[in-house]
Amino acid sequence: TCALQQAGIYVIVGLAASCQDCAITGQASPVCYPGALKERGQFVINIFAKYENVLAFDAGNEVQLYAPGQPPEYNAPCQKQFIRDMR
């Protein structure tokens, strides 16, 4: 973000990624929130918080995943817990 900061560009930094245990999954709560995700989120925030051009951190998922079942269970509780943990 240094070059972006020099250019006056603001960024939104994502906390999740496509690696193993780096995102909320489609499984039912509480399994949908891998323990490594909390550590990753805190690490990313600590690294990028020092830059003045960081506008926000993205912890959400535009698609609410669900674990099939009767009835299906949505991963919203995991999303909410992850966001609470990042405060």
Side-chain angles (χ1 to χ4, degrees):
T1 64
C2 291
L4 297 174
Q5 185 172 336
Q6 291 172 352
I9 298 172
Y10 287 83
V11 297
I12 297 174
V13 180
L15 298 177
S18 60
C19 57
Q20 180 71 30
D21 294 334
C22 294
I24 301 294
T25 69
Q27 297 172 295
S29 179
V31 180
C32 56
Y33 180 6
L37 179 58
K38 180 178 179 181
E39 293 175 26
R40 175 189 165 73
Q42 291 170 336
F43 175 78
V44 170
I45 289 171
N46 287 334
I47 293 298
F48 285 95
K50 64 183 176 185
Y51 296 103
E52 294 179 14
N53 65 320
V54 173
L55 183 64
F57 293 98
D58 175 30
N61 184 342
E62 62 277 353
V63 179
Q64 186 177 19
L65 301 172
Y66 72 95
Q70 296 297 336
E73 295 187 42
Y74 291 88
N75 70 354
C78 292
Q79 296 267 359
K80 291 163 79 174
Q81 184 62 48
F82 178 58
I83 292 168
R84 277 194 297 269
D85 287 347
M86 293 304 106
R87 291 189 200 170

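As the structure is a computational prediction, the values presented were derived from the model and not from experiment.
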- Among all residues two or more places apart in sequence or in another chain, which pass the side-chain hydrogen bond (donor to acceptor under 3.5 Å, both in side chains) test with Gln42?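 In terms of side-chain hydrogen bond (donor to acceptor under 3.5 Å, both in side chains), with neighbours along the sequence ignored, Gln42 is linked to no residue.
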- Mind checking side-chain hydrogen bond (donor to acceptor under 3.5 Å, both in side chains) for Arg87 and listing every partner two or more places apart, or none if nothing turns up? none
With a 4.5 Å cut-off on side-chain heavy-atom distances among I, L, V, M, F, W and Y, is there a chain of contacts connecting [X] to [Y]?
X     : Y     : result
Phe43 : Phe48 : yes
Met86 : Ile83 : no
Phe57 : Tyr51 : yes

- Student check: side-chain heavy atoms of Val31 and Thr25 closer than 4.5 Å: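 Side-chain contact under 4.5 Å: no.
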- Could you give the distance from SG (Cys78) to CD (Gln81), rounded to the nearest 0.5 Å?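 Rounded to the nearest 0.5 Å, the SG-CD separation comes out at 8.5 Å.
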- Message: Among residues at least two apart in sequence or on other chains, which ones pass side-chain contact (heavy atoms from CB on, under 4.5 Å) with Tyr10?
- Response: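 Testing Tyr10 for side-chain contact (heavy atoms from CB on, under 4.5 Å), a comparison that skips the adjacent residues, returns Asn53, Leu55.
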- Item | For Tyr33, ring-ring contact (aromatic ring centres under 6.0 Å, His included) partners two or more places apart |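 For Tyr33, the residues satisfying ring-ring contact (aromatic ring centres under 6.0 Å, His included) (neighbours in sequence not counted) are Phe82.
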Show which side-chain atoms of residues 12-23 pair as donor or acceptor with protein atoms under 3.5 Å away, not counting sequence neighbours.
none

